[in-house]
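Comments concern the structure below.
Naming: A, B, ... by sequence-line order, numbering from 1 per chain. Scope of the values below: all heavy atoms of this structure, side chains included, with no hydrogens, waters or symmetry mates.
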Amino acid sequence: MIRDTLAAAVESAAAGIGLDPAAVTWTMERPARREHGDWSCNIAMASAKAAGRAPRDIAGDLVAALEQADIAHVDSVEIAGPGFVNFRLTPSWLHDVLVEVVEGGTDGYARPDVGAGTKVNIEFVSANPNGPLHAGHGRGAAYGDSVARIMERTGFDVTREFYLNDRGVQMARYAESLLARKRGEPVPKDGYGGEYVADWAAEMPDDVADAGIDAVRSWGYDRALADQREVLAAFHVHFDVWSSEQALVDSGAMDAALADLRERGHAYDADGATWLRSTEFGDDKDRPLLKSDGDPTYLLPDIAYHRDKFARGFDLLIDVWGADHHGYVPRMRAGIEALGHDPDEFEVPIVQIVRLEREGKEVRLSKRAGDIIELRDLIDEVGADVARLTYLLQSVDSQQAIDLDLVTSRSNDNPVFYVQYAHARIHSIMGKAAAAGIVRAPLADADLSVLTHEREIELLRTLSELPEVLTRAARERAPHTVTNWVRELADRFHGFYHDCYVIGDVPADLTQARLWLVDAARVGFAIGLDLLGVSAPESM
RNA sequence: GCCCUCGUAGCUCAGUCGGAUAGAGCGACCGCCUCCUAAGCGGUAGGCCACAGGUUCGAUUCCUGUCGAGGGCACCA
């Protein structure tokens with residue numbers, strides 16, 4: 001890559017004038033402003049203190065040395081601002097990018113090895129199996145799955161996992177609520193009042209209800225899980241592993257975890273309960289593992305669960321949690337440290353809440369669920385692609401308001417259609433070319449040097465940024481940076497489409513080169529949209 | 001009271017591992033279809049990057065505090 005070429009040239013030049021490039025941290029980056037060239041290096045400023053010289057003075061020597069070196073694609077090197085060394089390149093470097101994109105294709109282009117084979121377990125959604133998924137789960141599902149896709153592409157060995165809290169008080173209340181509804185009675189206090197409970201109770205066979213609360217719970221569990229699986233499938237999210245809390249209890253894994261904690265001296269008995277000494281690991285207070293009635297709290301099975309994940313050989317555990325659970329992070333991390341693991345091996349991205357609005361007012365999409373907005377209804381209304389891209393439009397750190405009027409509108413202010421339309425135009429061009437009997441010659445025969453139009457250059461420049469974007473998206477677990485890139489690619493493509501006709505009154509060699517450029521854009525959209533879990537239509 | 005996330009253009013949001021004149025889309029206003037879909041393209045206007053200190057050659061970015069929004073604070077998950 002060009003960046004490496006330039007960095008190597010800088011290192012060599014720096015060494016040549018008596019600096020030690022390895023001793024300072026410096027960067028080779030794309031300047032924010034185009035006037036500052038194509039690539040910019042801050043090594044002169046970074047070395048100033050150690051060298052005891054003025055940054056611009058060092059930069060001057062560097063530029064002189066770099067001008068002597070014959071570096072591929074470099075048009076000029078100059079000093080700018082406080083001491084930046086800026087490189088201006090000839091368009092040829094972007095023609096090389098085009099070849100790289102087309103030859104690499106969807107599978108081969110932009111595969112930076114960030115993970116180096118790290119085994120990572122990404123646990124997300126993990127909704128309780130006692131009701132349908134809601135819009136908040138949708139954001140977590142879109143995020144978790146997209147992070148998984150990005151990490152897979154960047155050299156991580158990824159497992160997608162769903163944890164089932166199929167044990168405990170919540171499940172008991174759910175079963176009681178189902179049974180009460182089945183019998184036409186009001187749901188008990190602290191029960192589940194959503195209309196889906198009544199609907200599902202109506203579906204429940206009489207013999208299940210007659211068989212008692214355990215049978216009802218079991219039936220209700222299956223019913224809820226089937227519902228969630230169905231919606232996730234419609235959302236194009238799949239899981240490799242479904243783990244059960246109850247199974248951890250039944251297998252003795254939970255007891256083993258507690259014994260482990262005791263052995264390590266991080267668990268103790270007091271006030272009739274058993275406690276985790278989480279304060280030892282930075283938590284505010286110690287947390288109960290076993291309640292005073294002897295039943296486990298949710299924390300102990302969770303610790304056992306994470307212990308199990310590590311036992312399965314994962315180097316890194318990522319739990320995607322909703323904002324309402326963030327206070328739980330310190331004790332979970334404490335539990336992991338208590339088991340002897342490095343806290344850096346456990347990460348918890350927090351997904352902030354989602355609000356759905358119509359005409360500026362909060363809406364409740366579901367008539368059935370009462371107080372929840374079902375993911376199913378959202379998908380039914382806008383489609384899985386639109387829902388996913390919309391969720392991934394912004395960072396999960398900030399709260400999100402989804403305007404349903406906007407999202408369903410077929411207008412300029414809808415970013416989903418903007419991107420999809422750009423993609424559709426690619427196929428429109430290819431279709432026109434085929435209809436006109438134009439055959440795309442082999443890439444090796446195309447003269448890419450004719451691609452010099454500002455729009456063509458900008459389009460290629462955006463394509464060239466994808467490896468860096470993916471590196472960052474993977475490190476920061478930030479799918480929205482990919483969304484931003486895809487939007488920019490769409491922006492560049494629309495501009496190109498508008499000003500640069502591929503077919504029509506253009507020379508044959510330009511048509512050929514542009515057809516390859518269009519194909520490169522297609523590869524870019526295919527990679528980007530796939531990472532977001534969004535398919536793109538070939539026509540609209 | 002303590003902890004977490006957020007506060008950037010009228011609106012919705014990027015950017016922030018410290019860098020050169022802070023970006024996009026929408027909305028507003030002005031333009032562009034004899035030619036691959038105008039679901040598009042171009043232009044103009046619009047900012048004390050919540051506020052106050054600190055660190056630094058340099059802070060929207062890092063640290064501290066204040067204010068505001070949201071969320072969480074053992075035996076619900």
Side-chain angles (χ1 to χ4, degrees), chain A residues 25 27 29 31-33 35-36 40 42 45-46 48-49 54-55 80-84 86 126-128 130 165 168-171 173 190 245 271-276 278 283-299 301-302 321-331 350-353 355 360 393-403 406 409-415 417-418 420-422 424-426 428-433 435-436 455 472 475-476 480-481 483-484 487-488 491 493-505 514 518 539-540:
Chain A
T25 54
T27 57
E29 55 191 21
R33 306 186 66 82
E35 310 89 270
H36 296 136
S40 179
N42 68 350
M45 289 175 290
K49 190 165 273 180
F84 289 102
N86 293 344
S126 294
N128 290 349
N130 56 18
N165 291 108
V169 178
Q170 295 297 339
M171 286 306 288
R173 287 178 181 163
D190 296 328
E245 178 181 0
D271 306 327
T274 300
W275 302 73
L276 174 70
S278 52
D283 197 6
D284 295 341
K285 48 189 100 168
D286 288 347
R287 308 290 176 175
L289 295 165
L290 295 179
K291 303 186 227 172
S292 39
D293 63 8
D295 281 349
T297 62
Y298 44 85
L299 181 59
D302 274 1
W321 291 355
D324 54 339
H325 284 67
H326 83 264
Y328 187 55
V329 175
R331 77 194 69 169
I350 297 295
V351 179
Q352 293 296 324
I353 60 170
R355 216 175 52 246
L393 234 28
Q394 63 184 263
S395 160
V396 288
D397 289 337
S398 58
Q399 296 177 19
Q400 183 172 40
I402 296 180
D403 182 336
L406 186 75
S409 74
R410 325 184 86 188
S411 66
N412 331 2
D413 46 348
N414 184 341
F417 280 96
Y418 185 79
Q420 291 184 320
Y421 186 42
R425 280 180 151 176
I426 287 177
S428 168
I429 291 171
M430 293 306 194
K432 287 281 181 200
R455 300 291 204 176
R472 192 181 181 105
R475 287 196 179 129
E476 298 180 4
H480 75 280
T481 59
T483 315
N484 286 337
R487 291 177 77 176
E488 185 177 310
D491 186 47
F493 191 79
H494 282 306
F496 162 76
Y497 182 92
H498 189 264
D499 287 350
C500 303
Y501 278 70
V502 176
I503 298 150
D505 193 18
R514 284 180 174 170
V518 169
S539 66
M540 291 175 68

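- Residue A:I353 has its side chain nearest to B:G70 when only B:A14, B:G70, B:G40 are considered.
- Checking B:C26 for Watson-Crick or G-U wobble geometry (two distances, each under 3.5 Å) identifies B:G10 as its partner.
- The separation of B:U61 from B:A14, taken at their C1' atoms, amounts to 14 Å, rounded to a whole angstrom.
- Going from the P atom of B:G23 to that of B:G19 covers 14 Å, rounded to whole Å.
- On the C1' atoms, B:A59 is 13 Å away from B:A22, given to the nearest whole Å.
- In the set B:G40, B:C6, B:A77, B:G40 carries the atom at the smallest distance from any side-chain atom of A:H494.
- Base pairing annotation: B:G70 forms a Watson-Crick or G-U wobble pair with B:C4, both donor-acceptor distances under 3.5 Å.
- Annotation: B:G18 and B:U55 have their C1' atoms spaced 11 Å apart (nearest Å).
- If you take atom P in B:C6 and the same atom in B:U64, they sit 14 Å apart, rounded to whole Å.
- Side-chain contact check for A:H494 and A:R425: at least one donor-acceptor pair (N or O, by modelled atom type) lies under 3.5 Å.
- A donor-acceptor contact shorter than 3.5 Å links the side chain of A:H326 to the backbone of A:A323.
- Among the nucleotides B:A20, B:G70, B:A14, the one closest to the side chain of A:Q399 is B:G70.
- For the pair A:H36 and B:A20, the ring geometry qualifies as stacking, because the centroid separation is below 5.5 Å while the planes lie within an angle under 30°.
- Using Watson-Crick or G-U wobble geometry with both donor-acceptor distances under 3.5 Å, B:U34 finds no partner in any strand shown.
- When the nucleotides B:A14, B:A74, B:A20 are ranked by their closest atom to the side chain of A:F84, B:A20 comes out on top.
- Contact annotation: the side chain of A:L276 never approaches that of A:D283 to less than 4.5 Å [non-hydrogen atoms, C-beta and beyond].
- A:T274 contributes no side-chain N or O that, together with a main-chain N or O of A:L290, makes up a donor-acceptor pair within less than 3.5 Å.
- Between A:S398 and B:A14 there is a side-chain polar atom (N or O) within less than 4.0 angstrom of OP1 or OP2.
- Below the 3.5 angstrom threshold, one finds a donor paired with an acceptor across the side chain of A:S40 and the base of B:A20.
- An anti orientation is assigned to B:C4, its glycosidic angle lying beyond 90° of 0.
- Listed nucleotides: B:A14, B:G71, B:U5. Nearest to the side chain of A:Q352: B:U5.
- In a base pair of the Watson-Crick type (N1 to N3 plus N6-O4 or O6-N4) or a G-U wobble (N1-O2 and O6-N3), with each distance short of 3.5 Å, B:U61 is matched with no nucleotide.
- For B:A38, neither phosphate oxygen OP1 nor OP2 lies less than 4.0 angstrom from any side-chain nitrogen or oxygen of A:Y418.
- Among the nucleotides B:A20, B:C41, B:A74, the one closest to any side-chain atom of A:P288 is B:A74.
- Residue whose closest nucleotide on RNA chain B sits further toward the 5' end, between A:V169 and A:S395: A:S395.
- Residue A:R455 places at least one side-chain N or O closer than 4.0 Å to OP1 or OP2 of B:G42.
- Distance from the side chain of A:H498 is smallest for B:C41 among the nucleotides B:C36, B:G15, B:C41.
- Closest to the side chain of A:D324, out of B:G72, B:C13, B:C41, is B:G72.
- Among B:A74, B:C35, B:C6, the nucleotide with an atom closest to any side-chain atom of A:Y501 is B:C35.
- Comparing B:C30 with B:G47, their C1' atoms sit 23 Å apart, to the nearest whole Å.
- In terms of polar N and O atoms assigned as donor or acceptor, the side chain of A:N86 comes within less than 3.5 Å of the base of B:A20 in a complementary pairing.
- Glycosidic conformation at B:A38 (O4'-C1'-N9-C4 for purines, O4'-C1'-N1-C2 for pyrimidines): anti, more than 90° from 0.
- Side-chain atoms of A:N128 do not come within 3.5 Å of backbone N or O of A:N130 as any donor-acceptor pair.
- With values rounded to the nearest 0.5 angstrom, A:D397 atom CG is found 9.5 Å from A:I350 atom CD1.
- With contacts defined as side-chain heavy-atom distances shorter than 4.5 Å, the pair A:Q352/A:S398 does not qualify.
- Under 3.5 Å, the side chain of A:H326 and the base of B:G71 form at least one donor-acceptor pair of N or O atoms.
- Between B:C13, B:A77, B:A38, one nucleotide has an atom nearer to the side chain of A:R425 than all others, and that is B:A38.
- Base-pair partner of B:G47: not found among the strands shown (Watson-Crick or G-U wobble, both distances under 3.5 Å).
- Using a 4.0 Å heavy-atom cutoff across all strands shown, A:A323 reaches sugar-phosphate atoms only and no base atom.
- In this structure, A:N484 and A:T297 both approach RNA chain B, and ranking their closest nucleotides by distance from the 5' end singles out A:N484.
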| field | Working for side chain to side chain contact (heavy atoms under 4.5 Å, CB included), residues A:Y497 and A:V502 | value | CA-CA 8 Å; A:Y497 182 92; A:V502 176; over 6 Å; no
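- With P as the reference atom, B:C13 and B:C17 are 22 Å apart, rounded to whole Å.
- If you take atom C1' in B:G15 and the same atom in B:G70, they sit 23 Å apart, rounded to whole Å.
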